[in-house]
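Worksheet: one structure, shown below.
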Amino acid sequence: MTGFRRPPLLLLVPAVLGLAFLVVPLAGMLVRAPWTRIVSDLAAPGVWDALRLSLICATLATVLATVLGVPLAWLLARSDVPGRGLIRALVTVPLVLPPVVGGVALLLVLGRRGLIGEHLNTWFGISLPFTTPAVVLAEAFVAMPFLVLAVEGALRAADSRYEDAAATLGAGGWYTFRRVTLPLVAPGIAAGAVLAWARALGEFGATITFAGNFPGTTQTMPIAVYEALETDPDTAVVLSLLLLIVSIAVLVALRDRWVPTG
Amino acid sequence: MTGFRRPPLLLLVPAVLGLAFLVVPLAGMLVRAPWTRIVSDLAAPGVWDALRLSLICATLATVLATVLGVPLAWLLARSDVPGRGLIRALVTVPLVLPPVVGGVALLLVLGRRGLIGEHLNTWFGISLPFTTPAVVLAEAFVAMPFLVLAVEGALRAADSRYEDAAATLGAGGWYTFRRVTLPLVAPGIAAGAVLAWARALGEFGATITFAGNFPGTTQTMPIAVYEALETDPDTAVVLSLLLLIVSIAVLVALRDRWVPTG
Amino acid sequence: MSLDAHLEVDRPGFSLRLDLRIEAGEVVALLGPNGAGKTTTLRTLAGLQRVDNGHITLNGERLHDVPPDRRPVGLVFQDYLLFPHLSALENVAFGPRAHGVPRDQARTVARDWLERVGLASHALAKPRALSGGQAQRVALARALAVEPRLLLLDEPLAALDASTRPEVRADLRRHLSAYDGVCVLVTHDALDAMVLADRIVVLESGRVTQEGTPSGVARAPRTEYVARLVGLNLHRGKAAGDRVTLDGGGELTTASPAHGPVFTAFPPSAVALYPHRPEGSPRNAWPVTVAAIEQHGSVVRVRLTGRPSVLADVTPGAVADLGLIPGAAVWAVVKATEVHAYPG
Amino acid sequence: MSLDAHLEVDRPGFSLRLDLRIEAGEVVALLGPNGAGKTTTLRTLAGLQRVDNGHITLNGERLHDVPPDRRPVGLVFQDYLLFPHLSALENVAFGPRAHGVPRDQARTVARDWLERVGLASHALAKPRALSGGQAQRVALARALAVEPRLLLLDEPLAALDASTRPEVRADLRRHLSAYDGVCVLVTHDALDAMVLADRIVVLESGRVTQEGTPSGVARAPRTEYVARLVGLNLHRGKAAGDRVTLDGGGELTTASPAHGPVFTAFPPSAVALYPHRPEGSPRNAWPVTVAAIEQHGSVVRVRLTGRPSVLADVTPGAVADLGLIPGAAVWAVVKATEVHAYPG
Amino acid sequence: NEPGSSPSGSPAAEIKGTITVLAAASLTETFTKLGKEFEAQYPGTTVKLSFGASSTLAQQITNGAPAEVFAAASPSTMKQVTDAKSASGEPAIFVRNRLQIAVPQGNPAKITGLKDFANADLKITLCAKDVPCGTAATKAFDAAGITPKPDTYGADVKAVLTTVRLGEADAGMVYKTDVIAAGDDVDGLDFPEADKAINDYPIATLTEGPNQEGAKAFVEFVLSAKGQETFTAAGFDLP
Ligand SMILES: Nc1ncnc2c1ncn2[C@@H]1O[C@H](COP(=O)(O)OP(=O)(O)OP(=O)(O)O)[C@@H](O)[C@H]1O
Ligand SMILES: Nc1ncnc2c1ncn2[C@@H]1O[C@H](COP(=O)(O)OP(=O)(O)OP(=O)(O)O)[C@@H](O)[C@H]1O
Ligand code: MOO
Ligand SMILES: [Mg+2]
Ligand SMILES: [Mg+2]
């Protein structure tokens with residue numbers, strides 16, 4: 001809006017390099033993709049089921065991560081609970097854990113013989129592993145830290161005195177959070193949700209370990225890609241490109257919603 | 001600082017649930033860990049090499065991702081380059097791409113027969129794949145989007161009028177960026193860097209594909225975990241716990257630096 | 001309804017010690033130089049700043065351990081702090097909404113208040129699209145819309161332009177005189193304080209240095225700051241009958257004999273300037289040097305150094321006749337009847 | 001050095017059309033009601049706001065397509081915009097540093113400026129730990145420290161307290177009279193404008209409505225806004241000799257005969273009030289009703305409606321004697337010699 | 001298939017330097033042992049072992065990984081390498097792996113044979129159809145005329161094993177070597193149709209590797225009697 005200013009070269013050069021670094025490998029895939037076989041690869045059974053399941057589960061996982069993660073971020077940024085430094089570090093656990101191990105950990109807790117899963121099973125007859133909800137849980141587990149840390153960063157960068165102003169107008173904690181804090185950090189939450197959604201969409205290790213791999217109920221695109229890789233790497237590239245293009249299309253379409261103009 | 005206010009229950013409950021969701025699986029691992037064998041497992045050859053390599057490579061990857069990613073985030077948040085929506089979506093590519101496929105894409109570009117790697121090889125005799133620098137590149141490729149999106153969110157939440165003020169004081173784009181923008185969004189950058197570091201530390205698929213699995217030069221902890229998983233799952237759990245504890249320790253120790261107080 | 005507060009706040013390099021007792025319906029103006037602790041006082045009363053020691057009681061009810069959102073308080077912030085994502089209307093409606101008023105009703109209330117501050121036409125503008133003065137008026141409307149029992153105004157008129165200001169001031173005055181709560185008003189403007197307040201509390205470096213009715217304070221300032229604020233020459237001294245020996249050097253004769261430590265005060269307009277020592281009735285005459293000259297509308301204010309140093313208001317004609325330029329030596333003359341002396 | 005600017009800015013609901021020609025060393029005060037476009041003008045001159053049409057030339061050099069950081073401009077923002085992460089000293093040193101001055105030297109310059117605005121002791125404080133007035137003074141020092149050729153001040157004294165304000169104003173005045181660049185000063189305060197400016201430009205709703213020397217503008221206001229600002233009663237009418245038929249109803253006799261459209265102006269102090277129609281010399285006498293009463297220091301300002309409506313300044317004694325309360329009917333009387341008429 | 005070009009008993013003089021071996025993850029223990037023995041037999045050599053999923057390793061090789069030897073867990077992954085002309089000789093089958101039914105310790109679901117895999121009430125896990133152990137399992141079920149009702153397909157044999165180890169599945173189809181490696185946590189049940197579903201492990205030297213002499217010597221060593229002894233001890237069948 002203020003116009004006139006050109007991006008300084010010292011920023012432009014690394015920015016373009018960074019973008020190239022992220023995008024050129026994609027270009028490499030496009031160049032080497034087996035274009036002649038694309039149609040037959042995409043017509044293979046299960047591809048579209050896997051894509052649909054991926055999109056649905058990633059979206060549900062993002063919703064779950066947002067509902068639990070934004071309050072957690074708020075707790076880290078705004079309250080003075082003791083041991084915040086440790087809590088923040090613990091939040092990063094699922095990031096550092098190799099995803100397969102994360103899946104094992106989830107099984108240890110929520111599996112048939114897991115700490116909690118055992119009771120879920122005997123009391124309610126609920127068995128989570130190898131079900132679609134397990135896919136959502138596994139993806140949310142892996143994706144939530146991204147959301148929490150991104151939102152916490154945005155909360156810290158925002159001016160907390162608006163919350164003071166809300167308090168003097170009689171707004172309690174929850175009302176202030178909903179009407180003031182949340183809209184103020186909306187760009188940060190949007191960024192965090194995109195991170196979480198994208199990460200959930202690409203999740204493989206935790207999902208296959210905790211939720212398994214069954215076409216139609218738990219086989220997501222990355223799992224289908226992995227399977228294809230085993231026999232025919234070219235098909236794996238085609239499936240990956242499909243996943244990419246769909247996710248890019250979704251993100252571009254959402255743009256106007258998740259990037260508040262202003 | 002303003003004291004008095006208690007976190008509202010509507011925030012506290014989901015925050016605690018969220019934290020439990022992230023932390024309880026870790027507890028599950030701790031409960032089931034083979035405590036009696038820990039000492040011998042940790043004394044196995046290569047464990048500490050892998051840990052050191054992991055820490056070094058993740059740190060270098062974070063530095064690379066920060067150097068390239070912060071300018072890219074700035075470009076997305078502050079400039080009006082055409083097609084920003086598309087660029088932002090493209091940045092998420094490495095998130096969505098199953099990591100193994102990401103590794104394949106890197107090989108297609110930087111491999112000895114890759115689009116760029118071919119020339120690197122014939123002109124300079126440089127071959128990147130299966131070297132320690134390849135580990136750094138693979139980790140940076142996967143981790144950078146986290147940093148870019150987190151920093152972009154923080155930039156959008158920050159008040160851009162301070163940059164106006166800097167301009168009227170004669171500060172050019174770069175000086176303004178360095179002295180005003182950067183410090184203002186420091187919490188966001190810190191959060192992004194932590195995300196990137198943790199993600200790089202846990203990276204497996206892209207690394208093993210692009211950099212291979214050579215003890216001492218490219219075998220990071222997640223790869224060592226993978227190998228252990230093949231022969232002895234309990235050792236894998238021990239190694240994962242080691243990785244976790246070290247990373248939590250690092251994050252807690254850094255706390256005072258990456259979370260500006262006040 | 002009445003406020004009884006004892007506040008102690010300690011910060012590195014600053015400490016606040018303040019006792020405030022305000023009756024229902026009374027408006028107290030808090031005056032003081034920059035950094036005196038005025039904003040700190042308001043934030044403390046609103047519960048946004050912890051009190052290190054002390055208490056706040058409103059109408060017998062302990063307020064100091066009540067969280068800010070439960071205090072029946074309205075606060076206009078010095079820098080407005082309008083919610084940037086809400087329109088002017090939604091900003092004003094925020095308080096009523098937070099108190100549970102249904103949306104439509106809250107909007108009606110808000111529209112009403114915007115009307116009163118003359119901004120009905122900007123109801124849908126976001127704060128970024130408001131000018132400074134417009135923003136301040138919205139902030140005022142926002143605080144008033146919750147009908148607080150303790151109203152705290154931090155320089156509520158500072159950004160208003162000269163044409164709106166009298167109207168908004170008159171409006172605020174009308175509102176405040178109908179208001180049966182307690183009001184604390186921070187201002188730098190003597191006129192605002194005179195027009196709006198029933199009582200003035202002067203705060204300097206975190207301590208009360210003077211307190212009283214507007215006219216009392218204006219007539220008998222007890223500190224340099226207050227004297228400047230109300231435009232009087234103020235000197236402290238020791239009286240022996242009608243002679244006052246000034247602490248800063250010099251002597252003055254007054255028409256109100258006293259004994260012991262006193263303040264003397266007289267307006268700049270009471271100071272006459274002569275090129276030589278004048279003969280005649282005025283009992284106070286002493287040599288001074290012109291330090292600075294400022295045109296104030298139709299009068300010229302001359303800053304004079306001497307024993308004592310004083311301000312004098314003269315006509316532009318006198319400036320030309322006397323050749324008043326910085327450095328010029330003249331005589332200052334004040335009639336004893338103009339010098340007001342009161343116990344110090 | 002001189003500024004020549006033609007600015008056109010269009011926004012929904014607001015448009016600015018402004019021609020500014022300012023000589024080197026001249027200080028122009030931009031006055032106007034809230035939302036008139038004063039801040040917009042300064043932002044445009046600084047390059048922070050795009051001009052939809054027009055040009056800006058400083059000393060013959062085209063400025064309008066130069067990015068803001070290359071313009072030799074200093075701007076004090078209405079809400080200060082001090083960098084929150086830098087201390088007061090670093091804020092002031094920021095400009096010199098950005099211009100390539102070595103760190104130590106920049107700090108010396110900054111310390112010097114902080115000294116001048118009386119904040120040397122707060123050099124290491126962060127903006128959050130500064131009071132409103134302290135922040136404004138730091139912002140002033142920050143803008144001055146780059147020694148700009150075009151100095152833009154957006155209400156630079158608004159948050160200053162009554163005791164610092166005259167000093168900072170005098171300091172600013174000294175600085176500005178030694179300053180050989182171009183200065184545009186936005187203010188709401190008539191006194192600031194009178195003291196500091198060589199010329200006044202009045203902006204209302206994005207258009208210039210009056211322009212002239214401070215005394216010229218003060219003596220002969222041409223709009224309601226200016227009249228209120230300088231405290232005059234202003235009416236527009238048609239003159240036929242010494243009789244002026246007012247556009248808003250009523251008639252006035254003036255001592256300065258004219259013909260055709262005129263403005264008439266007289267100060268509130270020239271209005272006398274009587275319980276009944278007085279006999280005697282004053283030629284202007286008409287019935288009015290008391291609308292509002294305000295105590296201003298030692299005088300009482302009475303707002304009267306009638307044909308014409310006027311303001312009158314009277315003594316508190318008169319208020320009691322006449323029983324002036326809102327709604328009371330009295331007669332307003334003005335001597336013809338007090339009524340100044342000038343072509344409108 | 002021409003390992004004899006360097007005489008097996010010849011002096012170690014020509015066999016030296018580093019030999020990089022890319023091997024399927026399921027060969028981790030056996031190849032680690034063989035590497036040490038090879039180094040002992042040919043002083044001056046260093047065997048650099050790199051383990052990963054066969055498909056990952058194949059990707060690395062076709063993209064120019066500087067390695068001398070590739071030992072894959074399935075002919076199809078080896079085929080990716082030979083199709084890309086990255087193998088310098090014909091691949092040789094050096095071991096075979098036989099399927100076993102894996103059940104959690106103590107066999108809580110009382111699995112007896114292949115027919116239990118058709119019981120929809122049990123939690124059953126198999127390898128994905130296209131990975132080696134999945135292909136083999138399909139063959140076995142076809143031979144037995146049984147249609148299995150799995151609840152999940154593991155991405156590889158390790159995923160299947162993990163599921164069984166943790167008791168999440170009542171039975172899974174894995175390799176005998178995996179059951180042995182898993183120790184006490186998992187019990188293995190043999191079944192007759194396993195004979196019809198043997199999986200071959202091919203090994204080949206690679207064109208990219210600079211140490212062709214060393215590569216050939218290592219492949220020969222793997223195929224030697226001493227090498228084969230190591231494999232049988234780990235539960236592999238010989239070709
Ligand atoms: N957050 C803070 N941390 C530390 N010191 C502070 C803080 N806020 C204000 N101060 C200091 O406390 C003192 C009182 O500040 P306060 O804002 O109450 O002054 P004020 O009377 O409102 O002044 P002004 O008229 O300029 O607004 C000042 O010296 C100021 O520098
Ligand atoms: N960013 C913006 N977008 C749209 N409209 C704006 C924006 N900023 C200001 N305006 C509008 O433009 C007009 C001029 O605003 P400006 O800030 O220039 O007024 P001003 O003369 O400085 O007033 P004040 O004395 O209150 O500061 C106002 O009507 C305001 O509502
Ligand atoms: O190459 Mo594997 O890991 O036995 O499928
Ligand atoms: Mg203040
Ligand atoms: Mg303005």
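Only heavy atoms go into these numbers, but all of them, side chains included; no hydrogens, no water, no symmetry mates. First the proteins, then the strands, lettered A, B, ... as listed; each starts at 1.
Within the 4.5 angstrom heavy-atom criterion, atoms from both the backbone and the side chain of A:Pro145 approach chain B. With a 4.5 Å cut-off on non-hydrogen atoms, A:Val225 touches chain B through its side chain but not through its backbone. Contacts of A:Val81 with chain B are absent, with no heavy-atom separation under 4.5 Å from either backbone or side chain. Both the backbone and the side chain of A:Leu137 have a heavy atom closer than 4.5 Å to some heavy atom of chain B. Looking at B:Ala140, the atoms closer than 4.5 Å to chain A (heavy atoms on both sides) sit in the backbone and in the side chain alike. The parts of A:Val96 that come within reach of chain B are both its backbone and its side chain, each placing non-hydrogen atoms under 4.5 angstrom from that chain. Residue A:Met144 touches chain B through its side chain alone, counting heavy-atom pairs closer than 4.5 Å. When heavy atoms are compared at a cutoff of 4.5 Å, A:Ala73 does not approach chain B at all. For A:Arg199, the parts lying near chain B are the backbone and the side chain together; criterion is any non-hydrogen pair under 4.5 Å. For A:Val23, the part lying under 4.5 angstrom from a heavy atom of chain B is the side chain only. If you measure heavy-atom distances from A:Leu239 to chain B, you find no contacts under 4.5 Å at all. Both the backbone and the side chain of B:Val93 come within contact range of chain A, each with at least one heavy atom under 4.5 Å from a heavy atom of that chain. At a 4.5 Å heavy-atom cutoff, A:Ile189 makes no contact with chain B through either its backbone or its side chain.
Ranked by heavy-atom pairs under 4.5 Å with chain B, the list A:Ala198, A:Gly28, A:Ala77 is led by A:Ala198. Between chain A and the options B:Val91, B:Val185, B:Leu17, the largest number of non-hydrogen pairs under 4.5 Å is found for B:Val91. Across A:Val67, A:Leu241, A:Val24, A:Leu107, the residue that shares the most heavy-atom pairs under 4.5 angstrom with chain B is A:Val24. The greatest number of non-hydrogen atom pairs below 4.5 Å with chain B, out of A:Ile87, A:Leu195, A:Val109, is found for A:Leu195.
Across all their heavy atoms, B:Leu115 and A:Arg32 have their closest contact at N-NH2, 4.1 Å. Smallest separation of non-hydrogen atoms from A:Gly173 and B:Pro8: C-CG, 3.5 Å. Heavy-atom minimum distance, A:Ala191 versus B:Gly153: CB-CA, 4.1 Å. Nearest heavy-atom pair across B:Leu97 and A:Ser240 is CD1-CB, 4.1 Å. The minimum heavy-atom distance linking A:Gly18 with B:Leu68 is given by the pair CA-CB, 3.8 Å. The two atoms that bring B:Ala15 and A:Leu75 nearest to each other are CB-CD2, 4.1 Å, heavy atoms only.
Residues of residues 201-210 of chain B lying under 4.5 angstrom from chain A, judged on non-hydrogen atoms, are B:Leu201, B:Gly202 in numerical order.
Interatomic distance, A:Leu106 CG to B:Phe21 CZ, rounded to the nearest 0.5 Å: 6.5 Å. In this structure, CG in B:Leu19 is found 5.5 Å from CG in A:Leu72, a value given to the nearest 0.5 Å. With values rounded to the nearest 0.5 angstrom, A:Leu95 atom CG is found 9.0 Å from B:Ser247 atom OG. Separation of atoms CG (A:Leu90) and CG (B:Leu22) is listed at 9.0 Å; rounding is to 0.5 Å. Interatomic distance, CG of A:Leu11 versus CZ of B:Phe177, reported as 4.5 Å (0.5 Å rounding).
Between B:Phe146 and A:Phe146, the two ring planes are parallel [angle under 30°; tilted spans 30° to 60°].
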- Task: Output, in order, the C-alpha distance, side-chain angles, deciding distance and verdict of side chain to side chain contact (heavy atoms under 4.5 Å, CB included) for A:Val194 and B:Arg88.
- Result: CA-CA 10 Å; A:Val194 166; B:Arg88 190 179 300 105; over 6 Å; no
- Message: Apply side chain to side chain contact (heavy atoms under 4.5 Å, CB included) to residues B:Val31 and A:Leu108 and explain how you reach the verdict.
- Response: CA-CA 9 Å; B:Val31 168; A:Leu108 288 176; over 6 Å; no
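Taking the side chain as every heavy atom from C-beta outward, B:Pro98 and A:Tyr226 never approach each other to under 4.5 Å. In this structure, B:Val104 and A:Met29 have side chains that are not in contact, with every pair of non-hydrogen atoms separated by 4.5 Å or more.
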